[in-house]
Structures are given as C-alpha cells and as structure tokens.
Amino acid sequence: MSGRPARRAGGKYDRRMSFDDVKDERMLMMVDKLCIWMGGILGETLNRENLITSIRNGGLICKLAEVIQDSVDDCSKSESNGHDLPSNPPQAYNLECSARSMEARENVMKFMTWARELRVPESSIFSPDDLLKLKGKMNVVNTLLAVARRAKDCGMAADIDAPPKIANAFKGLEEKFGKKFDHTAAAFNGPCSKEIRKVSTTLLGGSAWKMVQQKIDTILQLPGKPGYEIFRA
C-alpha cells in the first residue's frame with residue numbers, strides 16, 4: 001500500500017495526491033514529520049508522494065487508531081476522566097477496498113468518530129470528502145497531526161514533535177548526497193568531542209589577527225580532515 005505512486009487509474013499524474021502544489025515550507029515540514037511518525041508506528045514507508053494515496057481508502061488511518069488505542073487504554077485506567085476517551089478503535093475496517101467504494105467512506109467515518117472520542121477538536125477534524133474526493137489534503141494532515149498530539153497526551157512514546165537525533169540527521173544527509181559525514185558526527189558524539197571543546201583561552205603572542213586565525217584553525221580541526229587554511233594569505 002505504501003508504495004503506490006500519486007497517479008490516477010489511467011496512469012496520469014495527479015497532483016492532488018501529492019504535495020507538489022503546496023508551496024508553504026512550514027506545511028511541507030509538517031507533512032514530512034507526519035510521514036515519519038506514521039511510518040514508524042505502522043512499519044510503512046510514507047512520504048509526500050504516497051501519503052494521500054496510502055491513506056485515501058481510510059484503512060491505514062483506522063489501523064493507526066488501532067495502534068494508538070493501546071496507549072489510550074492505559075491512559076483511561078490512570079485518569080479519573082478516562083471514561084471520556086474511546087474504549088475501542090475502529091472496528092471491521094477494510095484495508096484493501098477501493099478509495100471510491102462505500103467501504104472506504106465507512107472506514108473514514110469510523111476513524112472520524114474515533115478521533116472525536118479521542119477529544120480531537122471538531123475544528124481540526126477533516127470532512128470525508130477532504131480525503132475521499134481529495135478536496136482538502138492539508139485538512140487531513142492537520143487532523144492526523146492533532147491525533148498524534150492527543151496520542152502523546154495519552155502517553156504514547158512516539159512523539160511527533162521530538163527533534164531528530166544529530167546522528168540521524170547526518171545519516172539522512174549521507175543518504176541524500178552520497179557523502180560521508182563520519183568525521184562531523186564524531187565531533188558531536190564521539191571521543192573527539194572533548195578535544196574540540198578544549199580550545200585554549202590563553203592569549204598567545206603576536207597580532208590580534210594572528211590569534212583569530214589560530215583559534216579558528218583549532219576549532220575547525222575535525223577528525224579526518226586536513227588543516228583548514230581559512231583566512232590565510
């Protein structure tokens with residue numbers, strides 16, 4: 001399911017099922033965060049190109065609700081007002097139905113009912129046609145982000161707002177550009193990190209400009225790199 005491209009049945013590319021027409025970088029960043037969060041929970045490879053296609057029939061978001069329900073159940077036992085939370089995830093949903101079928105609409109309605117029981121604000125819940133007829137994909141994204149944050153409130157470990165670890169950030173750069181960032185990653189969390197922080201504050205002889213050069217050279221001596229010649233004549 002997660003590998004479906006954003007295309008119509010006839011093979012023609014459909015921009016409504018990707019996010020190519022979204023120009024706001026902040027919105028696109030939130031889409032990326034949602035894809036990473038959902039993909040990690042569900043074991044799916046989700047991205048801007050296949051998110052809407054993967055969830056359009058409502059089956060995958062019902063499966064998401066089913067996973068979140070475990071945390072909701074634990075929260076219900078510990079909170080005095082836990083009886084206000086959903087007692088069950090969507091039931092008897094269909095993962096394989098067509099996005100144009102009645103089963104798909106039933107899937108979406110079941111998810112929306114569950115989201116309301118999760119206390120997602122009504123103003124944040126998309127309408128069925130936002131997803132089924134692709135009338136408002138960002139409304140769908142906003143609903144799923146709201147669900148993610150409610151899941152966090154219920155104690156779910158997967159936090160959509162958690163910053164990425166520095167090592168993962170360098171890994172992503174390496175995969176994207178095909179370059180090695182081992183020397184830089186080591187500077188942040190390897191044994192060399194202590195050495196980098198040991199920059200002497202003792203004034204050395206010579207001109208002030210010469211001291212600036214020496215300090216910059218010391219700071220930039222990352223493992224595996226030759227001496228930098230910044231600011232040298």
Side-chain angles (χ1 to χ4, degrees), residues 1-2 19 22 24-48 50-95 104-132 135-169 172:
M1 180 181 296
S2 61
F19 292 86
V22 177
D24 190 321
E25 286 297 326
R26 292 171 298 179
M27 291 183 178
L28 291 174
M29 287 176 62
M30 297 310 296
V31 173
D32 292 339
K33 289 176 69 173
L34 178 62
C35 290
I36 293 170
W37 180 78
M38 283 186 61
I41 292 173
L42 299 172
E44 299 279 345
T45 301
L46 299 175
N47 52 52
R48 297 179 191 177
N50 67 13
L51 175 63
I52 297 300
T53 311
S54 299
I55 67 175
R56 190 180 175 192
N57 72 355
L60 200 62
I61 54 178
C62 286
K63 182 179 178 181
L64 176 68
E66 194 171 49
V67 176
I68 294 174
Q69 185 65 40
D70 290 338
S71 297
V72 174
D73 291 341
D74 293 339
C75 183
S76 297
K77 296 174 184 177
S78 60
E79 284 192 3
S80 58
N81 59 348
H83 60 278
D84 294 332
L85 295 172
S87 56
N88 291 294
Q91 301 292 304
Y93 59 88
N94 190 333
L95 277 170
R105 184 167 291 273
E106 290 173 1
N107 284 346
V108 172
M109 296 300 294
K110 289 175 182 178
F111 174 81
M112 292 171 62
T113 298
W114 177 85
R116 289 188 175 97
E117 293 175 354
L118 191 64
R119 302 183 208 159
V120 173
E122 188 65 32
S123 59
S124 297
I125 296 180
F126 66 88
S127 68
D129 287 347
D130 284 338
L131 181 58
L132 296 169
K135 290 186 175 182
K137 60 193 169 194
M138 288 309 302
N139 294 336
V140 178
V141 169
N142 288 333
T143 299
L144 293 173
L145 290 171
V147 166
R149 295 190 174 102
R150 285 294 297 134
K152 177 186 174 183
D153 293 341
C154 292
M156 192 170 192
D159 183 358
I160 195 168
D161 292 316
K165 294 182 178 180
I166 189 68
N168 291 341

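What you see is a predicted model; the values in this text were computed from it and never measured. In this chain, residues are counted from 1 in sequence order.
The nearest pair of heavy atoms linking Leu46 to Gly39 is CD1-N, 3.9 Å. Here the closest non-hydrogen pair linking Lys33 and Ile160 is CE-O, 3.0 Å. Closest approach of Arg56 and Leu132 over heavy atoms only: NH2-O, 2.8 Å. Across all non-hydrogen atoms, the minimal contact from Ile55 to Leu131 is O-CD2, 3.4 Å. Contact record, Leu118 with Arg150: O-NE, 2.7 Å, taken as the closest heavy-atom pair. Of all heavy-atom pairs between Pro90 and Ala65, the closest is CD-CB, 3.5 Å.
Under the 4.5 Å side-chain criterion, counting only non-hydrogen atoms from C-beta, Asp129 is in contact with Arg105. Within the 4.5 Å cutoff, the side chain of Phe126 has no heavy atoms near those of the Lys137 side chain. With a 4.5 Å cut-off on side-chain heavy atoms, Glu122 and Arg116 count as touching. Using a 4.5 Å heavy-atom threshold, the side chains of Asp153 and Arg119 count as separate. Looking only at side-chain heavy atoms (C-beta outward), Trp37 and Leu144 stay at 4.5 Å or farther from each other.
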Next item on the list: Kindly determine whether Met156 and Val67 satisfy side-chain contact (heavy atoms from CB on, under 4.5 Å), including the steps that lead there.
Entry: CA-CA 10 Å; Met156 192 170 192; Val67 176; 4.1 Å; yes

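Taken from CE in Met30 to CG in Leu145, the straight-line distance is 4.5 Å, to the nearest 0.5 Å. Between Lys152 atom NZ and Ser71 atom OG the span is 13.5 Å, to the nearest 0.5 Å. Note that OH of Tyr93 and CG of Asn57 are 11.0 Å apart. Values are rounded to the nearest 0.5 Å. Once rounded to the nearest 0.5 Å, the distance linking CD1 of Ile52 with CE of Met138 reads 9.0 Å. The CD1 atom of Ile61 sits 10.5 Å away from atom CD1 of Ile68, with the distance rounded to the nearest 0.5 Å.
Here the options are Asn47, Asp32, Val31, the test is side chain to side chain contact (heavy atoms under 4.5 Å, CB included), and the partner is Phe19; only Val31 passes.
Counting only distance, with no hydrogens or angles, the side chain of Asn50 and the backbone of Thr45 share a donor-acceptor pair below 3.5 Å. Judged purely by atom type and a 3.5 angstrom limit, Gln69 uses its side chain to pair as donor or acceptor with the backbone of Pro86. Not one N or O on the side chain of Lys110 forms a donor-acceptor pair closer than 3.5 Å with the backbone of Gly58.
Applying the side-chain hydrogen bond (donor to acceptor under 3.5 Å, both in side chains) test to every pair with at least one member in residues 139-148, sequence neighbours left out, gives these pairs: Asp130-Asn139.
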